[in-house]
Asker: 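Here it is, the structure in full.
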Amino acid sequence: MKDSVFTHIPCGETLPINNIHAVSVSMPSLQDVIDYEEQTPEILEKIKSAYPRFVLHPYLKLLANYIKEKYKVSNNYEVVLLSSQEAVKIVSSKYFIHNKIDIEEPFGVILVLRGTTQLQKVLTFIQHVGCNLSSRFAQDYLFEVGILKHKHQEELEKEEISLEIIKKTLAQAYNQPISNVGLAPSGMNAIYSVIRGLKKIQEKNNRTILVQLGWLYLDTMNIVEHHYNRTKKFLDISNLDKLENYLEEYGLNVSAIITEIPTNPLLQSVDLVKLRSLCDKYNIPLVIDATLATPYNLNLKPYGDIFVESLTKFACGNADVLMGAVILNENFKISHMQGEFLKHLEMVYIKDIQRLAYEIKDYKSRVKKISANTKKLVEFFKTCSYIDKIYYCLSSENEKNYKVAMIDEESYSGLISVTFNKDFKTIYDNLNFAKGPSLGTEFTLLMPYVYLAHYDYIQTTKGREFLKQIGLPIDLLRISVGIENLDEIINEFKRVEKYFST
């Protein structure tokens with residue numbers, strides 16, 4: 001068999017490699033993942049940088065120390081940096097922080113007492129609402145004050161046209177006016193802004209229940225819990241009868257329905273035609289997280305009132321920009337209330353905009369290459385001896401609902417999740433693809449989804465029973481398919497078969 005072109009990437013290496021602004025980090029063994037979740041001292045020595053909303057970027061640590069010295073902050077306090085002064089007001093009011101600090105900086109700072117539970121609550125809230133300070137901003141600031149001697153070299157679009165390139169690309173892709181597109185410093189900040197806007201608009205009409213359809217991304221569910229006292233979850237999206245029965249009683253009190261199409265990581269798709277008819281019947285806005293669909297695979301314009309997308313994923317393709325978008329659908333009335341949805345978006349740092357503008361020009365071609373590879377990789381997996389079950393957008397369970405919005409035959413969502421009939425650890429440890437959080441990269445990226453997203457559930461009998469109940473296998477491998485040569489991707493999966501040959 002031909003040698004694989006993929007090589008082992010050491011634990012703690014940034015993904016992409018040697019990129020200080022990378023949003024992913026290599027965790028090549030299952031034990032690395034477990035150690036990361038349990039925060040062992042050994043793993044903390046290796047992992048210096050990871051997904052920016054979860055692990056404080058090294059440049060932000062340097063900047064926090066600089067601010068502490070500059071403003072002579074007492075050691076009793078932890079300096080927490082935020083994207084803006086407005087974010088300071090939000091966090092301070094939420095957690096009753098009165099430790100004032102007067103600063104003259106183009107970003108926000110709050111002081112939180114060390115050794116208290118409040119610090120972790122604040123950091124978690126910031127993680128959920130996505131108001132982190134940009135690593136590129138921190139880099140420029142630290143360079144200007146002489147702490148950094150060099151900047152990471154990368155391709156950037158011209159400053160004066162960058163914002164227009166991003167907004168125009170998204171507006172054309174979603175077939176919407178440019179004025180209906182708003183940018184945020186993360187996908188979660190985009191969702192947070194939509195949730196806040198919906199609450200403000202709908203509560204005056206006594207619409208105070210937010211419905212979550214499907215097992216949504218964890219932080220999406222957390223944002224909903226932060227802002228809505230009344231929520232209802234329908235985890236099984238394969239049958240909308242329960243939702244329909246619920247709406248018969250509470251439909252006029254529902255603020256919005258939020259869902260993902262397809263879902264992460266099981267790639268399930270809801271019956272969009274029926275869901276839209278229910279939303280129309282009860283005048284309920286439908287919010288769709290279209291990150292996995294992308295506007296180049298699915299035409300969701302007939303169905304969703306509001307779309308949110310994590311541009312960190314397929315739009316970027318290189319896993320080195322944290323950014324999100326809100327797209328209001330002109331087909332539906334709520335899009336006319338632009339101000340309520342876009343005013344909560346945090347400002348995006350110009351260097352992040354320039355970087356994404358450079359990368360988003362390849363958005364459509366990248367998605368189509370990934371789609372073509374995904375389509376063929378699924379066919380190989382059907383013949384792979386150690387793969388048990390394949391979860392993908394056009395599986396027999398999903399095909400009918402996914403095809404409703406499918407743009408063309410090369411519109412496979414670029415994720416495949418699989419389970420195995422052989423030892424999960426052996427397979428995961430020996431595959432030499434990049435392995436870590438995030439998705440939508442041009443390089444194939446593997447993630448042991450449940451271990452990284454829901455490790456707490458694995459630890460208890462009750463948690464494991466819940467995972468079984470919602471059909472989420474613990475030993476599930478999520479594969480974000482890249483644009484590499486397909487034969488080389490397949491060859492790497494074939495190479496691992498030797499570990500099970502007798």
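Side chains included, hydrogens not; waters and symmetry mates left out as well; all remaining heavy atoms used. The residues of the chain are indexed from 1 along the displayed sequence.
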Asker: Could you go step by step and tell me if Leu467 and Val450 meet the side chain to side chain contact (heavy atoms under 4.5 Å, CB included) rule?
Answerer: CA-CA 9 Å; Leu467 291 171; Val450 178; 3.8 Å; yes
Asker: Which pairs of donor and acceptor atoms, one on a side chain in residues 356-363, lie under 3.5 Å apart (sequence neighbours left out)?
Answerer:
from: Glu359; atom 1: OE2; to: Arg355; atom 2: NE; distance (Å): 3.3
from: Glu359; atom 1: OE2; to: Arg355; atom 2: NH2; distance (Å): 3.3
from: Lys361; atom 1: NZ; to: Glu157; atom 2: OE1; distance (Å): 2.7
from: Tyr363; atom 1: OH; to: Glu309; atom 2: OE2; distance (Å): 2.4

Asker: Taking 4.0 angstrom as the limit, do Asp241 and Lys274 come out as a salt bridge?
Answerer: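 Yes, charged N to carboxylate O under 4.0 Å.
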Asker: Under 4.0 Å between a Lys/Arg side-chain N and an Asp/Glu carboxylate O for Glu164 and Lys168?
Answerer: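 Salt bridge between Glu164 and Lys168, a charged N being under 4.0 Å from a carboxylate O: no.
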Asker: Can you find a heavy atom in the side chain of Phe125 that is under 4.5 Å from one in the side chain of Val129?
Answerer: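 Result yes, sub-4.5 Å side-chain heavy-atom pair found.
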Asker: Do Ser335 and Asn329 get their side chains close enough for a donor-acceptor pair, meaning under 3.5 Å?
Answerer: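 Judged by distance alone, the side chains do not pair up.
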Asker: Would you kindly say whether Thr208 and Glu203 are connected by a side-chain donor-acceptor distance under 3.5 Å?
Answerer: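 Side-chain D/A pair, Thr208 to Glu203: absent.
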Asker: CG/Leu170 to CG/Asn180 distance, rounded to the nearest 0.5 angstrom?
Answerer: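 It is 12.0 Å, given to the nearest 0.5 Å.
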Asker: Less than 6.0 angstrom from the centroid, inside 45 degrees of the normal: does Lys400 satisfy that with respect to the ring of Tyr402?
Answerer: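 Not satisfied by the 6.0 Å and 45° rule.
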Asker: Name all pairs fulfilling the side-chain hydrogen bond (donor to acceptor under 3.5 Å, both in side chains) condition that reach into residues 424-436, sequence neighbours left out, sorted by first residue then second.
Answerer: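 The answer is Asp423-Thr426, Lys425-Asp429, Asn430-Tyr499.
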Asker: Any chance you could lay out the salt bridge (Lys or Arg N to Asp or Glu O under 4.0 Å) test for Glu330 and Lys301, step after step, and finish with the verdict?
Answerer: CA-CA 9 Å; Glu330 64 180 351; Lys301 188 173 182 178; 2.8 Å; yes
Asker: Between Ser179 and Leu342, what is the shortest heavy-atom contact and its length?
Answerer: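 Taking Ser179 first and Leu342 second, the nearest heavy atoms are O-CD1, 4.0 Å.
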Asker: Taking atom OH as the centre, does Tyr250 end up with more than 12 heavy-atom neighbours from other residues, nucleotides or ligands that are less than 6.0 angstrom away?
Answerer: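 No, OH of Tyr250 has 12 or fewer neighbouring heavy atoms, counting only those of other groups under 6.0 Å.
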Asker: Under the side chain to side chain contact (heavy atoms under 4.5 Å, CB included) criterion, do Tyr391 and Val418 qualify, and how do the steps go?
Answerer: CA-CA 6 Å; Tyr391 301 84; Val418 295; 5.9 Å; no
Asker: Whether Glu379 and Lys376 form a salt bridge (side-chain N of Lys/Arg under 4.0 Å from carboxylate O of Asp/Glu) is what I want to check.
Answerer: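 Between Glu379 and Lys376 there is no salt bridge, as every charged N stays at least 4.0 Å from the carboxylate O atoms.
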Asker: Taking the six-membered ring of Tyr246 (Phe, Tyr or Trp), confirm whether the NZ or CZ of Lys242 is under 6.0 Å from its centre and within 45° of its axis.
Answerer: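 The answer is no; the distance or angle limit is not met.
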Asker: Walk me through whether Phe493 and Phe433 qualify under ring pair (Phe, Tyr, Trp, His ring centres under 6.0 Å).
Answerer: CA-CA 10 Å; Phe493 281 103; Phe433 296 107; 5.0 Å; yes
Asker: Do the charged groups of Arg276 and Asp305 touch, with an N to O distance under 4.0 Å?
Answerer: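 Answer for the salt bridge query: yes.
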Asker: Check this for me: does any side-chain nitrogen of one of Asp388 and Lys422 sit under 4.0 Å from a carboxylate oxygen of the other?
Answerer: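 So Asp388 does not pair with Lys422 through a salt bridge.
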Asker: Would you indicate whether the side-chain heavy atoms of Ser193 and Leu345 approach each other to under 4.5 Å?
Answerer: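 Yes, close enough: below the 4.5 Å cut-off.
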Asker: Answer with yes or no whether the side chains of Ser162 and Gln354 bring together a donor and an acceptor at under 3.5 Å.
Answerer: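 No pair is found: no donor N or O on one side chain lies under 3.5 Å from an acceptor on the other.
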Asker: Checking Asn253 against Arg230: is there a side-chain donor and acceptor pair closer than 3.5 Å?
Answerer: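 The criterion, which ignores hydrogens and geometry beyond distance, is not satisfied for Asn253 and Arg230.
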Asker: Restricting to non-hydrogen atoms, name the atom on Tyr451 and the atom on Ile474 that form the minimum distance, rounded to 0.1 Å.
Answerer: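 It is CE1-O, 3.6 Å.
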Asker: Would you say Lys369 has more than 12 foreign heavy atoms packed within less than 6.0 Å of its NZ?
Answerer: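 12 or below, so no.
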Asker: Are Ser238 and Gln268 linked by a side-chain donor-acceptor pair shorter than 3.5 Å?
Answerer: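 No, no side-chain donor-acceptor contact under 3.5 Å.
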Asker: Any chance you could lay out the side-chain hydrogen bond (donor to acceptor under 3.5 Å, both in side chains) test for Ser395 and Asn398, step after step, and finish with the verdict?
Answerer: CA-CA 5 Å; Ser395 65; Asn398 302 320; 2.9 Å; yes
